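In what follows, a single structure is set out as structure tokens and then discussed.
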Amino acid sequence: MTVTAATDLVGPLTAGPGWADEIRRLARERDAVVLAHNYQRPEIQDVADHTGDSLALSRIAAASDAGTIVFCGVHFMAETAKILAPEKTVLIPDARAGCSLADSISADELREWKSEHPGAVVVSYVNTTAAVKAETNVCCTSSNAVEVVASIPEDLEVLFLPDQFLGAHVKRITGRENLHIWAGECHVHAGINGAELTAQAQADPEADLFVHPECGCATSALYLAGAGAVPAEQVHILSTGGMLDAAKNTTKRSVLVATEVGMLHQLRRANPDVDFRAVNDRASCGYMKMITPGALTRALLEGRDEVHVDLETAERARGAVQRMIEIGRPGGGE
């Protein structure tokens with residue numbers, strides 16, 4: 001990814017009176033649609049035209065009539081929007097908003113790994129850079145990773161990247177022994193541990209558990225269910241999109257949520273009568289929170305920071321995403 005980066009300060013952290021109306025006015029003037037990931041600050045989510053996971057938002061970007069996409073998320077998400085909508089201008093309000101998971105493997109590292117396993121099929125989580133997607137056979141999401149891997153002939157080796165916790169989940173469900181997993185992680189999700197989940201589940205035994213498969217506690221959640229410490233029907237391993245669907249339909253009075261804390265805003269909006277609580281209330285992504293009201297205002301006023309993906313990389317990466325969609329339901333992006 002390359003960006004036209006800003007060099008000045010990004011602006012106020014909070015939204016003042018009339019800010020939302022100003023953002024909507026500026027978006028109309030720029031022929032822009034504002035997209036916000038589920039982990040963004042609440043005020044950014046509330047002002048956006050669409051809120052959701054990265055893949056869903058990128059598909060909205062591709063289908064939108066707007067000439068400019070303002071992607072309030074992290075850099076790989078804006079890249080994916082550009083890959084699927086190459087003719088549009090894609091802006092990210094702060095070019096510094098990276099991702100520890102996407103950065104855990106480079107295209108060079110992937111090429112070296114592939115050389116050690118000739119003939120292997122590369123399955124990359126959508127939380128990867130455009131350059132890594134371009135070296136990938138097929139992408140996956142957290143909700144369809146099992147389906148994607150199961151579609152690959154059993155005699156072929158699979159290189160699964162970059163998230164080790166999602167990879168372990170896929171290997172556990174498929175039982176596939178020739179699945180090799182890259183040792184990458186999202187530092188926020190990895191920090192949500194089994195001890196915290198166990199303590200909270202014991203303190204509120206009636207609560208449902210919504211656990212993202214990137215979390216370090218996902219194995220603990222399944223262990224609690226297997227050991228009978230928590231009824232199996234109360235444990236749900238879900239993508240962010242899956243969490244939102246489950247939130248709308250739950251009849252529980254309380255739900256313990258293991259993912260980045262920004263997701264709580266959407267869950268509470270979906271079902272205000274339920275007490276949604278973070279398993280770890282410190283699980284906040286500093287990169288996501290770099291998209292401030294000031295940064296979004298500046299992006300619309302000045303057209304910064306623009307995201308570019310070279311045409312060859314974009315074409316190869318687009319093929320990996322398209323192959324995932326052809327396999328079946330693309331599911332939630334994260």
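Please read all numbers here as calculations on a predicted model, not as lab measurements.
Note that the SG atom of Cys186 and the CG atom of Asp103 stand 11.5 Å from one another [nearest 0.5 Å]. Rounded to the nearest 0.5 angstrom, Leu296 CG and Ile23 CD1 are separated by 4.0 Å. The NZ atom of Lys133 sits 6.5 Å away from atom CZ of Phe76, with the distance rounded to the nearest 0.5 Å.
The aromatic rings of His189 and Tyr39 sit tilted, their planes meeting at an angle between 30° and 60°.
With sequence neighbours left out, the side chain to side chain contact (heavy atoms under 4.5 Å, CB included) criterion links His117 to Trp113, Ala120, Glu157, Leu159, His180.
Side-chain N or O atoms of Asp305 include one that pairs as donor or acceptor with a backbone N or O of Ala95 at under 3.5 Å. Without hydrogens or angle criteria, Arg30 side chain to Leu300 main chain gives a donor-acceptor distance under 3.5 Å. When atom types are taken as modelled, the side chain of Asp49 and the backbone of Val33 share no donor-acceptor pair closer than 3.5 angstrom. Side chain of Arg304 to main chain of Arg298: no donor-acceptor pair is present (N/O by atom type, distance under 3.5 Å, no hydrogens or angles). Between the side chain of Arg111 and the backbone N or O of Glu135, no donor-acceptor pair lies under 3.5 Å. The backbone N or O of Asn38 sits nowhere less than 3.5 Å from a side-chain atom of Gln266 that would complete a donor-acceptor pair. The closest donor-acceptor contact from the side chain of Lys88 to the backbone of Ser64 lies under 3.5 Å. One N or O on the side chain of Arg268 and one on the backbone of Phe276 form a donor-acceptor pair closer than 3.5 Å. Between the side chain of Thr136 and the backbone N or O of Ser124, no donor-acceptor pair lies under 3.5 Å. Under a 3.5 Å cut-off, the side chain of Arg96 and the backbone N or O of Met290 do not form any donor-acceptor pair.
Counting only heavy atoms from C-beta outward, the side chains of Asp53 and Thr141 never approach each other to under 4.5 Å.
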Give the C-alpha distance, both sets of side-chain angles, the deciding distance and a yes or no for side chain to side chain contact (heavy atoms under 4.5 Å, CB included) between Val149 and Cys140. CA-CA 9 Å; Val149 170; Cys140 72; over 6 Å; no
What verdict does the side-chain hydrogen bond (donor to acceptor under 3.5 Å, both in side chains) test give for Gln45 and Gln40, after you've listed the backbone C-alpha separation in whole Å, the side-chain angles of each residue and the deciding distance to 0.1 Å? CA-CA 6 Å; Gln45 294 187 41; Gln40 288 290 297; over 6 Å; no
Hey, mind stepping through Ile192 and Leu197 against side chain to side chain contact (heavy atoms under 4.5 Å, CB included) and telling me if it holds? CA-CA 8 Å; Ile192 306 174; Leu197 180 70; over 6 Å; no
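Crowding of Glu112 atom CD: a count of heavy atoms from other residues, nucleotides or ligands under 6.0 Å not exceeding 12. Atom CD of Glu116 has more than 12 heavy atoms from other residues, nucleotides or ligands within 6.0 Å. Around the CZ atom of Arg172, the shell of radius 6.0 Å holds more than 12 heavy atoms that belong to other residues, nucleotides or ligands. Within 6.0 Å of the CD atom in Glu315, the count of heavy atoms belonging to other residues, nucleotides or ligands does not exceed 12.
Salt-bridge check for Glu79 with Lys82: failed, with every basic side-chain N at 4.0 Å or more from each acidic carboxylate O.
Tyr287 and Ser100 form no side-chain donor-acceptor contact under 3.5 Å, judged by distance and modelled atom types alone. Between the side chains of Thr297 and Trp19, at least one donor N or O sits under 3.5 Å from an acceptor N or O. Residues Glu196 and Asn280 bring a donor and an acceptor atom of their side chains to less than 3.5 Å of each other.
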